[in-house]
Amino acid sequence: MNRISNAAITRAEQQARVLLANREMSERVISKRILDAFRAENITASHLVGSTGYGYGDAGRDALERVFARSLGTEAALVRPHIASGTHALAVALFGILLPGDALLYATGMPYDTLHSVIGIGKTSPGDLSSLGISYREIAMKEGALDLAAIAAALRKDPAIRVVALQRSRGYDATRPSLPVSEINAAAREIHRLRPDVFVMVDNCYGEFCEEAEPAEADLLVGSLIKNPGGGIASTGGYVAGRRALVERCAARLYAPGVGAEIGSYEPGYRLFYQGLFLAPHTVTQALGVAAFTAALFSEMGYEVSPRATEARTDIIQSVSLKTPERLIAFCRAIQANSPIDSGAVPEPWDMPGYQHQVIMAAGAFVLGASIELSADAPLREPYAVFLQGSLTYEYGRAAVLAAAAAVGDA
Ligand SMILES: *Cc1c(COP(=O)(O)O)cnc(C)c1O
């Protein structure tokens, strides 16, 4: 493993610039769609203010949901500050559309770690899907793609399967790539052809606005507002978007059957959600630039990276296999030390609830835990891969990644 040379930095910089130049057209297309959504819904200053109490007739909230649906290309959306995280949004979706006796099929292999206790994988937790008599099946990806033959066979054999879940992003899994939108849409069409009674749910976390279109042929898209679609501005929240009937079932789950999405007030108002969505295509561009810079720089240093700098991207995650826990810890500490908030904190591996291994996390974000802001996470397990994502701007991210490269060189 090499220390970092100036020539290597220059070459990495050039590769990041190529990505940023190529990304221009997608950002333009997405930005136009989002602006058109604001215009079509006639958003005015009155939509930015909040409401109190039950929130009946909260026009800002309802219009925000229509703007989101148009921006994502779905029929309807539930977009709420009351959805506390991506995991919560996914739980709302799964509990919303699965019934006792149904089976959930994850067709992208093991789901993101925090979903294990929602589903009841490995061990059961009170209130999980398994305790309601909802069973779980899993099909791993094959050679970096969905195993459509195995999915079709499972759907033919098992009439209990009601939901096929696809995780767009690699999550904390260095062994699988993220799923392109075209592949998700093609799989959704095929699943619906084979079994019109099956719903396709996409865990869209980290994927939003990385490509020109969202995987809207799925029945539900689910994500967090402190990742991509919050643009680095939203201070909390999550969304479930897709077919109207399913979104309504999720609203009944989040609030209560009967009242559904009609209630839910938020006194601080909706400006940050609108403004965050508006900025999201550009923020995502900046994050993608930092990811490409990281990929190029660390492959110059001799590390395995995924995706490679020039590969097509459908999420903002960059993994670097650092091979030793010492380098992993050094990397995360350097990212932390070069963050605007809590730069003096020293990240330590810890047993984070919902995760199977010890995890180390670097996050010095304005919105606590926001991972559209620069952040690095890693489970302490082979191959000691660090997962880096976010950055509000390219320059801030680049500077922190350079510091991480120097720290890894010394470790
Ligand atoms: C972040 C993430 C989640 C969970 O979101 P939290 O906000 O951390 O609860 C789920 N799935 C994927 C793929 C994620 O990236």
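Each ligand, and each atom within it, is numbered from 1 in the order the structure gives. Since this is a predicted model, take the numbers as computed values, not measurements.
- Considering backbone and side-chain atoms alike, Tyr206 places every N or O at 3.5 Å or more from each N or O of ligand 1.
- Under a 4.0 Å criterion applied to the non-hydrogen atoms of Leu90, ligand 1 contributes the atoms 10 (C).
- For the pair Lys227 and Tyr206, the cation sits on the ring face: its NZ or CZ lies under 6.0 Å from the ring centre, inside 45° of the axis.
- Taking the six-membered ring for Trp and the full ring otherwise, Tyr274 and Phe68 have centroids separated by 6.0 Å or more.
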May I have the step-by-step check of side-chain contact (heavy atoms from CB on, under 4.5 Å) for Arg80 and Tyr255, ending in yes or no?
CA-CA 11 Å; Arg80 301 286 165 130; Tyr255 297 107; 3.1 Å; yes
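- Of all protein heavy atoms, the one lying nearest to atom 1 (C) of ligand 1 is Lys227 NZ, 1.3 Å.
- Assignment of His88 to the shell around ligand 1 is not supported, since no heavy atom sits closer than 4.0 Å.
- Contact analysis leaves Ile226 out of contact with ligand 1, as no non-hydrogen atom separation drops below 4.0 angstrom.
- Of the N or O atoms in Thr87, one or more lie within a sub-3.5 Å distance of an N or O in ligand 1.
- With a 4.5 Å cut-off on side-chain heavy atoms, Gln358 and Glu348 do not count as touching.
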Let me see the working for Tyr136 and Glu138 under side chain to side chain donor-acceptor pair (under 3.5 Å), right down to the final yes or no.
CA-CA 7 Å; Tyr136 175 72; Glu138 191 175 290; 2.6 Å; yes
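- The distance criterion of under 3.5 Å between nitrogen or oxygen atoms is met by Gly86 with respect to ligand 1.
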